[in-house]
There are 2 protein chains.
Amino acid sequence: MTAPPVVYPAPRTFAGGGGRVAGARPPTMRDVAAHAGVSISTVSRVVNAERYVDPATREKVEASVAALGFLRNESARTLRPGQRTATLALVVEDLTNPFSAELAHGVELVAAAAGYVMLLLSTGRDAGGERDRVREREIVAELLSRRVDGVLVVPGADDAEGLYAALAARAPVVFVDRLPRGVRGDVVLLDNAGGGRRLTQWLLERGHRRIGYVGGDQRSGPGARRLSGFRAALRAAGVAEHPELLRFGRRSSDEALSAVEELLALAEPPTALFCDNNRMTVGALLAVHRARADVVLAGFDAVELAEVLVDRVALVTYDPADVGRRAAGLLTARLAGETSAPRRVTVPVDLAEFGT
Amino acid sequence: MTAPPVVYPAPRTFAGGGGRVAGARPPTMRDVAAHAGVSISTVSRVVNAERYVDPATREKVEASVAALGFLRNESARTLRPGQRTATLALVVEDLTNPFSAELAHGVELVAAAAGYVMLLLSTGRDAGGERDRVREREIVAELLSRRVDGVLVVPGADDAEGLYAALAARAPVVFVDRLPRGVRGDVVLLDNAGGGRRLTQWLLERGHRRIGYVGGDQRSGPGARRLSGFRAALRAAGVAEHPELLRFGRRSSDEALSAVEELLALAEPPTALFCDNNRMTVGALLAVHRARADVVLAGFDAVELAEVLVDRVALVTYDPADVGRRAAGLLTARLAGETSAPRRVTVPVDLAEFGT
DNA sequence: CTGAAAGCGCTTACAG
DNA sequence: CTGAAAGCGCTTACAG
């Protein structure tokens, strides 16, 4: 990625765009100073909107800035000790996940309002579908090299312990949706347990006692908390869990669909289904609709048109952008000097009922 | 956003995270050089993996790098003329739009593979729902100040002429989904006209002659091309357009739903509907489903579960991530020295049929 | 209110 | 193969 050596001050040129030439060396403060007939210090003061500049001088300099199209080189500014890069980073696993995308939107809003720009990096998964450790280490190194002011991370279920410790040792880090083990830090969580409880109570109130469960990874993070909410509600109501009605580890709506088909084919099928995320809810909706089964659905995440497919459904919904705004708010507060103990923010969820 | 003056070399400290202190001044090449007993030049050579370094020296330096946890300061490196920031920027209007999110994903994949990091900025809309000009100018200034190596832009329908000209004059810019008037540059477009034509042909082949049209902004960009494809197909088939069946300027699925309700209530309703984007398709699906109308749908964009709602539907689908990959590919090619005339890439679309 | 000078952390000819 | 020195474009005490 390094450009071949160039003889200074050869401009970097770009002749694409049909002969358009971009990249004549951009004007520097020195150029502005010469143009305005003042010193570089004075240009710096004007550009930084400092006080103690004679109005006439300021005007002169501003005219030169405009005439030359001067834009301060941020890399140079950043180099001074104590100066910020005015850059935040958001690290997600997969941006195509709607949660990540809306989260990023919320983060960007707050970042922009606070004068920061957002780097977006995704860790992805390796060929085996596992978290890509190499890429994760690269990302941490990249962020440290770039001296980002702060980082927001949606950690993976299987994040190596302390992966982000090196990062957290050098810049404030806010974790989103789950807190990796062994790391202290600010974290913004959804009320997953509360949502699981409310969905389950909603089913119990409607008389359901045989409730099926279709879920993804239930060993840690959001999935674990949703399951614990489910179980807590059953326990509180004195209703028994039916192990044969629980299906975990489903990774797609297709896998969820098969799971629900299995459940519906049981001699004693469930009368209701708890779906622990968007993929599960979509799969279950399809299976129930196809089977024209008399099964009530309760699931996590908004699914467009869900209410049209089944007679009765309750969905836990939330605003990922709000999660992003809050997480970015915590981070910018740290950057503004906040030194309180690690904070844990829980974002409430909503229950939306549909159907007859 | 500027930190208060600090007395050098006071470290920036962060006492959040429960007393955890981050930000002791990171080690520099000077520190590594002292630790390894070599000159700074030599450290630079090792860090940059240059040839002509004695293996023993290299090993010594690498040990010091590891011991001190040295990570080259990218701002400092960038300062030298001819050096890149290794940063691309993607500018979209709204990241919550699934197209933007998947696009960003594709861009990030290619950027990461080529050694670039992606800045993500959204222009948003102002209070009046119009493109926010002030924010757009800020973004252009920000990107120029940061000396990003290249930019990908999804321009708005109502972009001011030449808004991105200042940018394009200094760095390669690739436009996505539409090309602003008055700007030359690489552009990646979807085959919107082709998609519109195919959807319309699909309807015509099934005998439809009264085809309704539900669309958003049809004055420019993708909307205009989809409409032109619709009209071209009608013309080619010698089928008349029915002006009373055309509804434009709908901005949400709710507005599309109302439009379709109007159409279905006509004395002579359409027998088929053409929907020019995802929102329109969702609204039309709902309206047709609710009215249990015998209307065939043909629409743009994948809609989850669409086929379950209506008897027969055809959807034009495409992979926004692929658009992102291609756009980023054009950009990285420019950055690698490609100097051909502006390129226009058209990404093909698919037609998916559902229903009995 | 203004300017000369030092220095941020690197890279790069230039010597050796 | 290695080092001393200049310089990238800024900011910041320090003098005046």
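On a predicted model such as this, the values are computed, not experimentally measured, just so you know. Naming convention: chains lettered A, B, ... in sequence-line order (proteins, then strands); numbering from 1 in each chain.
Each of B/Thr42 and B/Ala76 was assigned the nucleotide of DNA chain D with the nearest heavy atom; the assignment lying further toward the 5' end belongs to B/Thr42. Projected onto DNA chain D by closest heavy-atom contact, A/Thr28 and A/Glu50 fall at different nucleotides, the more 5' of which corresponds to A/Thr28. Of the two residues contacting DNA chain C, namely B/Arg45 and B/Asn73, the nearest-nucleotide position lying further toward the 5' end is that of B/Asn73.
Two residues are said to be in side-chain contact when any heavy atoms from C-beta on lie closer than 4.5 Å; A/Val153 and A/Val176 fail this criterion.
In this structure, CZ of A/Phe70 is placed 10 Å from P of D/dG9, rounded to the nearest angstrom. Between the CD atom of B/Gln83 and the P atom of D/dG7 there is a distance of 18 Å, given to the nearest Å. In this entry the distance linking NZ of A/Lys60 with P of C/dC1 reads 14 Å, nearest Å. Counting to the nearest Å, the C1' atom of C/dC10 and the CG atom of B/Asn48 are 9 Å from each other. Taking atom CZ on A/Arg25 and atom P on D/dG9, their separation rounds to 5 Å, with Å as the unit. Remark: P of C/dG3 and CG of A/Asp54 are 11 Å apart, rounded to the nearest angstrom. Rounded to a whole Å, the OH atom of B/Tyr52 is 14 Å from the P atom of C/dA13. Atom-to-atom, CZ of B/Arg84 to P of C/dC10 comes out at 21 Å; the value is rounded to the nearest Å.
Using a 4.0 Å cut-off between charged side-chain N and carboxylate O, B/Glu108 and A/Arg135 make a salt bridge.
Inspection of the A/Arg334 and A/Thr339 side chains reveals no N or O donor paired with an N or O acceptor under 3.5 Å.
Within 4.0 Å (heavy atoms only), B/Arg72 reaches sugar-phosphate atoms of the nucleic acid but no base atom. Among the atoms of the strands shown, only primed sugar atoms or phosphate atoms (P, OP1, OP2) are found under 4.0 Å from some heavy atom of B/Val38. When heavy atoms are screened at a 4.0 angstrom cut-off, A/Ser41 is found touching base atoms of the nucleic acid.
Other residues, nucleotides and ligands contribute only 12 or fewer heavy atoms inside 6.0 Å of the CD atom of B/Glu59.
Checking D/dT12, C/dC10, D/dT2 against the side-chain heavy atoms of A/Arg147 singles out C/dC10 as nearest. Considering only the side chain of B/Thr57, D/dC1 comes nearest among C/dT2, D/dC1, D/dG9.
Remark: D/dA13 base-pairs with no nucleotide in the shown strands. Criterion, Watson-Crick or G-U wobble with two distances under 3.5 Å.
Under the side chain to side chain contact (heavy atoms under 4.5 Å, CB included) test applied with B/Val43, the options B/Val38, B/Asn48, B/Thr28 reduce to a single match, B/Val38.
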